[in-house]
Amino acid sequence: MPKIFAGADRKKIILLLVIGAVGVILVVLGYALPWRNSYSEEEGKLQNSLQTMEYIEDIENKIRNMTEMITGSSDVSVIVSAESGTEYVYVSNEDFNGEDVSKEYITVKNESGVYELVLTKEVYPEITGVSIVCPEGDDYLVKRKIINSVSTAFGLSKNRICVVGTK
């Protein structure tokens, strides 16, 4: 019976089989496991939430400063409620084909070689209500000045602004 594989040939074949098996495993894992994008959906939601909170905090600070100037007191609390988070609008091509609409987003390659969506604009959340607690907030004239200034500055209807005094 002749020997098909001699010692050196046998080692080469085993090495090729091992490399082939590793290659097959990597290909299967590539399809089975989701690869992490450079900007995951969870990170996007967290970033959106942080930007929305910063936006609301900025509005609260502006209202607090206006109220402090009207009342002459720094003992002012402000809470702003908003409808939703910041919305991002990206550049896209839309193809209308009968009743079907297909949307394709435009991407550009950044310095690090990662493709990113092209941002058109950011739409900040709509302010739905403001509550202000301050000294003299129960005084009709002070309350009216604060409500008028907040309504004018932020485009809110006056019934969405609540001003009360402190004890």
Side-chain angles (χ1 to χ4, degrees), residues 26 29-167:
L26 288 175
L29 287 176
Y31 285 106
L33 296 177
W35 291 97
R36 178 169 160 46
N37 292 335
S38 62
Y39 191 69
S40 72
E41 189 174 327
E42 291 81 22
E43 288 173 333
K45 287 179 182 177
L46 177 62
Q47 182 68 24
N48 185 353
S49 177
L50 291 174
Q51 286 179 330
T52 300
M53 288 177 11
E54 287 175 1
Y55 171 72
I56 291 172
E57 187 176 314
D58 183 48
I59 298 296
E60 288 173 344
N61 287 334
K62 287 178 180 176
I63 293 171
R64 185 177 300 108
N65 289 338
M66 287 181 0
T67 305
E68 288 174 356
M69 292 175 74
I70 292 169
T71 63
S73 172
S74 62
D75 186 24
V76 176
S77 294
V78 177
I79 296 176
V80 171
S81 56
E83 188 171 301
S84 63
T86 305
E87 181 183 336
Y88 301 98
V89 180
Y90 298 99
V91 176
S92 65
N93 286 330
E94 293 183 2
D95 185 21
F96 299 100
N97 187 6
E99 292 183 15
D100 296 331
V101 178
S102 65
K103 193 174 209 178
E104 181 180 315
Y105 290 99
I106 307 299
T107 58
V108 293
K109 197 173 190 178
N110 66 14
E111 301 89 29
S112 58
V114 176
Y115 286 92
E116 295 178 333
L117 295 171
V118 178
L119 182 65
T120 302
K121 65 179 176 178
E122 292 179 48
V123 180
Y124 288 101
E126 181 182 344
I127 298 171
T128 56
V130 175
S131 293
I132 303 168
V133 179
C134 63
E136 300 180 42
D138 290 329
D139 180 274
Y140 176 76
L141 292 176
V142 172
K143 182 183 288 197
R144 189 170 146 200
K145 285 180 184 179
I146 294 170
I147 289 174
N148 286 339
S149 63
V150 171
S151 174
T152 302
F154 297 100
L156 281 173
S157 62
K158 294 177 183 177
N159 66 333
R160 297 205 173 255
I161 305 166
C162 175
V163 178
V164 296
T166 58
K167 291 189 178 195

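Being a predicted model, the structure only gives us computed values, none of them experimental.
For the residue pair Asp75 / Ser73, no side-chain donor-acceptor distance below 3.5 Å is found, with atom types taken as modelled.
In this structure the side chain of Phe154 never reaches within 4.5 angstrom of the side chain of Ile161, judged on heavy atoms. Here the side chains of Ile132 and Arg64 are not in contact, with every heavy-atom distance at 4.5 Å or above.
The CD1 atom of Ile147 sits 11.0 Å away from the CG atom of Leu156 when rounded to the nearest 0.5 Å. We find the CD-OG1 distance between Glu122 and Thr52 to be 9.5 Å, quoted to the nearest 0.5 Å. Between the CD1 atom in Ile56 and the OG atom in Ser81 there is a gap of 8.0 Å [rounded to 0.5 Å]. Distance check: Asn93 CG to Tyr105 OH gives 11.5 Å after rounding to the nearest 0.5 Å. We find the NZ-OG1 distance between Lys158 and Thr152 to be 6.5 Å, quoted to the nearest 0.5 Å. Rounded to the nearest 0.5 Å, atoms CD (Glu60) and CD1 (Ile127) are 9.5 Å apart.
Considering every non-hydrogen atom in both Thr71 and Pro135, the closest pair reads CG2-O, 3.6 Å. In plain terms, the two heavy atoms of Pro125 and Ala82 that are nearest each other are CB-CB, 3.9 Å. Here the closest non-hydrogen pair linking Ile146 and Cys134 is CD1-SG, 3.7 Å.
Residue Tyr55 places its OH atom among more than 12 non-hydrogen atoms of other residues, nucleotides or ligands, all under 6.0 Å distant. The environment of Glu94 atom CD is dense: over 12 non-hydrogen atoms of other residues, nucleotides or ligands sit within 6.0 angstrom. The 12-atom threshold is not exceeded at CD1 of Ile79, counting heavy atoms of other residues, nucleotides or ligands nearer than 6.0 Å.
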Applying side-chain contact (heavy atoms from CB on, under 4.5 Å), run through Thr128 and Arg160 and close with a yes or a no.
-> CA-CA 7 Å; Thr128 56; Arg160 297 205 173 255; 4.3 Å; yes
Passes side-chain contact (heavy atoms from CB on, under 4.5 Å), Val80 versus Glu57? Steps please.
-> CA-CA 8 Å; Val80 171; Glu57 187 176 314; over 6 Å; no
Which is it for Glu68 and Asn65 under the side-chain contact (heavy atoms from CB on, under 4.5 Å) test, yes or no, and what are the steps along the way?
-> CA-CA 5 Å; Glu68 288 174 356; Asn65 289 338; 3.8 Å; yes
For Val130 and Ile59, what are the C-alpha separation, side-chain angles and deciding distance, and is it a side-chain contact (heavy atoms from CB on, under 4.5 Å)?
-> CA-CA 10 Å; Val130 175; Ile59 298 296; 5.8 Å; no
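Formation of a donor-acceptor pair under 3.5 Å by the Thr107 side chain with backbone atoms of Glu116 is not found in this model.
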